[in-house]
There are 2 protein chains.
Amino acid sequence: MNIKEASEKTGVSSAAIRYYEKESLIPAIDRTPVGNRDIDDRIIRRIRFVTQMLSAGMSVENLRRYIELFDAQEDNTKEQKALLKEQLAVMEEKRDDLQAAIDHLNYKLNHFYDHMETTEEELRSLEREHAEKVAKQDAATDDEPDYHN
Amino acid sequence: MNIKEASEKTGVSSAAIRYYEKESLIPAIDRTPVGNRDIDDRIIRRIRFVTQMLSAGMSVENLRRYIELFDAQEDNTKEQKALLKEQLAVMEEKRDDLQAAIDHLNYKLNHFYDHMETTEEELRSLEREHAEKVAKQDAATDDEPDYHN
DNA sequence: CCTTGCCTTGAAGTCCACATGAAGGTTTAA
DNA sequence: TTAAACCTTCATGTGGACTTCAAGGCAAGG
């Protein structure tokens, strides 16, 4: 498939795909005899993975470091795991911040004060609702003991 | 409190606080007789709200639109709710993308393949794990019937 | 043969959320 | 009184993730 079809399939612009290849976020793409990119499903999956990570807040530089480790021949298992765990922590924090903002907006939507300022009462209420949610989630994940190793 | 103290309290740089005021993301700040900003807790809360929304992926422009509506005297309740819901949808999608990426990384960490490509088996496994999680979450939130109105 | 429509590379431009620098004012402390 | 350590405004610079531009190649249709 040519780059335009790949672009349509992934929702990523042709220029962005070339940029990802240049930045080594995806592997070097095979070429047709005249030099055009010939993109297969393996590349499509990598493009999707890249957009997922980028939209999740990972920088191009960090994503490249991460990918380099995985593509390396040497057995970097320890380093890889460390990097993975580091990135995981960053992303989980980001997700939690996001969830807090979502809770905040949901609170606004449900209680709907006259103006948007966060009052002390509101903060306390948010904390209570958050604590309840966390308690529930913890209970729900207690039977997945080694998921976060 | 002066801008440096406010900066230390919020973790937001002085330059960024001035930028937020200029962009009307926070209200006009009171000045001391010599013209220095005198920041109170109401401003601190607004700064925290702004950083939360920005880090959640809302643009300065959208955040300003949102805040303008809330600061307006007129009763914009409908528009406000619509805007809130719109933003909420964006953030929830972002959170879900983030969660998918986290699941992906957790999978790597637990099963640890030689390289990072997502194979068909891996995708199926991820989907199974995700389906289980969703089922659990749904069960856990079923007793909060009107939270998402 | 020439237009249409795809592609290539490399360089330069854009947008956003600030960061940094210049030039100056005020207060405290030696 | 002069230096340090804050502050102000206004203007310009920066980094990241692309986008757009310029200049050209290849293949098919009329």
Side-chain angles (χ1 to χ4, degrees), chain A residues 1-40 43-44 46-67 87 90-91 94 97-98 101, chain B residues 1-26 28-40 43-44 46-67 87 90 94 97-98 101:
Chain A
M1 125 187 41
N2 67 21
I3 200 170
K4 201 190 184 198
E5 289 164 331
S7 168
E8 282 158 2
K9 206 164 180 179
T10 58
V12 176
S13 75
S14 300
I17 293 175
R18 292 194 195 98
Y19 171 71
Y20 293 165
E21 187 188 15
K22 202 174 178 186
E23 296 295 321
S24 304
L25 299 185
I26 56 180
I29 301 175
D30 290 343
R31 305 305 177 106
T32 66
V34 300
N36 291 2
R37 288 173 181 81
D38 186 13
I39 297 176
D40 60 17
I43 301 292
I44 295 290
R46 296 273 304 237
I47 292 171
R48 292 214 168 106
F49 176 73
V50 165
T51 55
Q52 197 176 46
M53 299 301 273
L54 290 181
S55 117
M58 199 176 197
S59 70
V60 164
E61 191 182 337
N62 280 342
L63 186 50
R64 183 176 39 234
R65 282 205 312 143
Y66 167 81
I67 288 171
Q87 183 57 29
V90 169
M91 287 165 65
K94 196 147 194 171
D97 281 0
L98 197 46
Chain B
M1 128 188 37
N2 67 22
I3 199 169
K4 202 193 183 196
E5 291 164 331
S7 168
E8 282 159 2
K9 205 164 181 178
T10 58
V12 177
S13 75
S14 301
I17 293 175
R18 293 193 194 97
Y19 172 72
Y20 292 166
E21 188 189 13
K22 201 173 178 187
E23 296 294 321
S24 303
L25 299 184
I26 56 180
I29 301 175
D30 291 343
R31 303 307 177 105
T32 66
V34 301
N36 291 4
R37 287 173 181 79
D38 186 15
I39 297 175
D40 61 15
I43 302 291
I44 295 290
R46 297 273 304 236
I47 292 171
R48 293 213 169 105
F49 175 74
V50 166
T51 54
Q52 196 176 48
M53 299 302 275
L54 290 181
S55 112
M58 197 175 197
S59 70
V60 165
E61 190 181 336
N62 280 342
L63 186 50
R64 184 178 35 236
R65 283 203 311 140
Y66 168 79
I67 287 172
Q87 182 57 27
V90 169
K94 203 152 187 167
D97 277 2
L98 197 45

TODO: Looking only at side-chain atoms of B:N36, point me to the closest of C:dT9, C:dT27, D:dC7.
DONE: D:dC7
Task: Among D:dT8, C:dA17, D:dG16, the nucleotide that comes nearest once only the side chain of B:V60 is considered - done: C:dA17
Task: Closest listed nucleotide, where the reference is the side chain of A:A15 and the choices are D:dT20, D:dG16, C:dC16 - done: D:dT20
Open item on the list: Counting only side-chain heavy atoms from C-beta out, which of D:dA17, C:dT8, D:dT19 sits nearest to A:R37?
Closed with: C:dT8
Task: Under-4.0 Å side-chain N/O to phosphate OP1/OP2 contact, A:Y20 with D:dA17 - done: no
Task: Point-to-point distance, once rounded to the nearest 0.5 Å, from NZ of A:K22 to CD1 of A:I17 - done: 15.5 Å
Task: First encountered from the 5' end of DNA chain D, between B:K4 and B:K22 - done: B:K4
- [ ] Look at B:S13 and C:dA19 and indicate whether a side-chain polar atom (N or O) is within less than 4.0 Å of OP1 or OP2.
- [x] yes
Open item on the list: For D:dC7 and B:N2 - does any side-chain N or O of the residue sit under 4.0 Å from the phosphate oxygens OP1/OP2?
Closed with: yes
Open item on the list: Over all strands shown, is B:S14 touching base, sugar-phosphate only, or nothing at heavy-atom distances under 4.0 angstrom?
Closed with: nothing
- [ ] Look at all strands and tell whether B:S59 reaches a base, only sugar-phosphate, or nothing, counting heavy atoms closer than 4.0 Å.
- [x] sugar-phosphate
Task: Short side-chain N/O contact to C:dT9 OP1/OP2 from A:R31, under 4.0 Å - done: yes
